[in-house]
Amino acid sequence: MSKKSLIINIICLLAIIPFSVIIQDLNIFKTILTLSITIIFISSFHRLSISQNINIQNNYNDSKLLSIFLQIIKIILILSGIYIILLYPLSLITSKILDIQSLSIIFILSGLIIPFYPIIKVTNEYLEIKKVNKINVLQLYYIINTTILIITSIFISLVFKLNTDTNNIILISSFILSGIITLTIIYLYLKKYKYLTIKNLLAQNKNHNKPKLTKIIMSESYISIITIIKNSYLYISIVYVYYILKNIYNYTSITITQIITNTYCYGLLVIITIALIIIYIIEKKYQLSNKQPKDINISAIYYRLAVILLPIIIIMIILSPALWTLLFNTNNYSYILVGLSIFLFFLIFYHITLKTLTTMKNKKISLIITSIGLIFKLIFTPPIIASFYRMGYPLVMGDVTSTIISYIIVIIIGNYFIQKTYKVPIFSNLEKILNIIYNNIILMVELILLQLIITINPTTRSKALLLIIIYSVIAIIFYAIRLYIAKRNKNRKKE
């Protein structure tokens, strides 16, 4: 990922903040639910890549490049059609489990979103291979998608006064509209510069040396399965939380939808934004995409992650009411940020572990390890939520905790096999990591004690911002002093 792509992704993800302000108390639960299952289907296209299949074909020219491109588009359209058909029975099953009406229309509409991202991604790759740098269609898609979503949210909340189902259908339709607009722009662009003409299409249709569809689909398909497993956590969490809170603990539907919206939409997107930045820094520094597990300094990566993540998590936990107020102008659900801050730590370690596992030659082990984490999630989420109920903690944090434990299981087992297979030293920096933990415990104690002195209640954004600035300055001073002491001690040892 380039720096420009990262910035656009961050801007698009943080658009959730104005979006939450605009829609206010509108119920968008059905949109979140349907998008969570749509993401799973989109994940199946994760490894559909032109460059991957060019490697299979060995030598290639423009004709072969176009042939592979069109074959991949054909695969996307065929599978998307199958997924749209599957979404109907899935809507009936989900509707039965959650006792929610009118899911069929919105599920099928969400199915129409599925082909847009993979087609645009492959088209962007096609243009990059042909060394066309005039337009990045994937970035364009993100911008159009975000813009139309914000405009749509303004209309349904401020202009039209419609019922909940209609609002959710319109929101889903905005994603379809953005996909259609982007594909139209792409088609006009390809036609204008003659990268794709009717003559080429007819020639490819007659081409008997086209790469086989099955060969393209099966190319490293296990990585797509791992991605599907990774992205299925969100849908499972939403279904579990809604069902358990409604049927076992008698929460009202309105309360549940507010909890889910704030946790798995607003809060999670903020966390993903932070995770993207940190993963970008790590992958840029250690070049993870271009290395085999034996060449990756996992110990150094874990040490670097500890240095970056621990102070961020501590500040986010201590300042969760202020941060939530600053972002969403309320501190009613600030406890969500506490749980998701801890989730952030393990999410990044989970990502690094999966990234390393997918480069291993033993595909079976990689699939088994990721599946174990998901099975744990499926089995142990209800009892963990029940334990949170007995302890008097927010029940949704029980689901977040079950996901964290699932990640920890994958991290431990995954790193065990990585170390066993490639003899990679994973804990060679353990002493340094423990020292980082010790320093951050001191920072946490100081910030907690500081709360007794600074009694600003972050009820408004201005107060929240003031509190965040004060604590951030103190944290910076703390680390500056610690760094100065460490350097002085190092110089004394040299003398």
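Heavy atoms only: backbone and side chains are in, while hydrogens, waters and symmetry mates are out. Computed from a predicted model, the values in this text were never measured in an experiment.
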Return the minimal non-hydrogen interatomic distance between [X] and [Y], and the atom names on each side.
X    : Y    : result
I259 : I336 : O-CD1, 4.3 Å
I16  : C265 : CD1-SG, 3.6 Å
P18  : I150 : CG-CD1, 4.4 Å
I369 : V410 : O-CG2, 3.6 Å

Any [X] side-chain heavy atom under 4.5 Å of [Y] side chain:
X    : Y    : value
I282 : L305 : yes
F116 : S178 : no
F29  : I256 : no
F41  : L79  : no
L26  : T164 : no
I278 : I312 : yes
S371 : I229 : yes
I260 : V396 : no

Side chains of [X] and [Y]: donor-acceptor distance under 3.5 Å anywhere?
X    : Y    : value
Q101 : S95  : no
S5   : Y142 : no
S334 : S320 : no

Could you go step by step and tell me if I375 and I372 meet the side chain to side chain contact (heavy atoms under 4.5 Å, CB included) rule? CA-CA 5 Å; I375 291 165; I372 287 170; 5.5 Å; no

[X]: which residues meet the ring pair (Phe, Tyr, Trp, His ring centres under 6.0 Å) condition with it, sequence neighbours left out?
X    : answer
Y264 : none
F380 : F376
Y266 : F328

Solution key, residues 339-352 side-chain donor-acceptor pairs under 3.5 Å, sequence neighbours excluded:
unit_1 : atom_1 : unit_2 : atom_2 : d
S341   : OG     : L337   : O      : 2.4
H351   : ND1    : K230   : NZ     : 3.2
H351   : NE2    : E283   : OE2    : 3.2

Passes side-chain hydrogen bond (donor to acceptor under 3.5 Å, both in side chains), K377 versus S232? Steps please. CA-CA 11 Å; K377 168 77 178 174; S232 63; over 6 Å; no

Could you pull out all residues at least two apart from [X] that satisfy side-chain hydrogen bond (donor to acceptor under 3.5 Å, both in side chains)?
X    : answer
D165 : K30
T38  : S110
T31  : N168
Y141 : none

All side chain to side chain contact (heavy atoms under 4.5 Å, CB included) counterparts of [X], not counting sequence neighbours:
X    : value
V239 : L33, I97, L98, Y235
I181 : I144, I148, L177, I185
L162 : F160, T166, N167, I170

Verify side chain to side chain contact (heavy atoms under 4.5 Å, CB included) between S36 and I32, making sure each step is shown before the conclusion. CA-CA 6 Å; S36 69; I32 297 167; 5.5 Å; no

The residue among T403, L374, T381, D399 that forms side chain to side chain contact (heavy atoms under 4.5 Å, CB included) with I236 is L374

Checking side chain to side chain contact (heavy atoms under 4.5 Å, CB included) against F19, which of T152, L171, L14 comes through? L171

Closer than 3.5 angstrom, by distance alone: can the side chain of [X] be matched with the main-chain N or O of [Y] as a donor-acceptor pair?
X    : Y    : answer
S157 : I22  : yes
N124 : V137 : yes
R461 : L327 : yes
T146 : I143 : no

Listed once per pair and sorted, the salt bridge (Lys or Arg N to Asp or Glu O under 4.0 Å) pairs that draw on residues 75-89, sequence neighbours left out: none

For the pair M316 and I274, evaluate side chain to side chain contact (heavy atoms under 4.5 Å, CB included) and give the outcome as yes or no after the intermediate values. CA-CA 11 Å; M316 285 177 68; I274 299 168; 3.9 Å; yes

Is atom CG of L378 surrounded by more than 12 heavy atoms (other residues, nucleotides or ligands) closer than 6.0 Å? yes

For side-chain hydrogen bond (donor to acceptor under 3.5 Å, both in side chains), just list the numbers for S224 and S44, CA-CA rounded to whole Å, side-chain angles, deciding distance to a tenth of an Å, and then say yes or no. CA-CA 5 Å; S224 293; S44 65; over 6 Å; no

Step-by-step side-chain hydrogen bond (donor to acceptor under 3.5 Å, both in side chains) determination, S406 to Y233: CA-CA 10 Å; S406 299; Y233 278 86; 4.5 Å; no

Go through the steps to decide whether I368 and I413 satisfy the test side chain to side chain contact (heavy atoms under 4.5 Å, CB included), and finish with yes or no. CA-CA 10 Å; I368 289 170; I413 300 174; over 6 Å; no

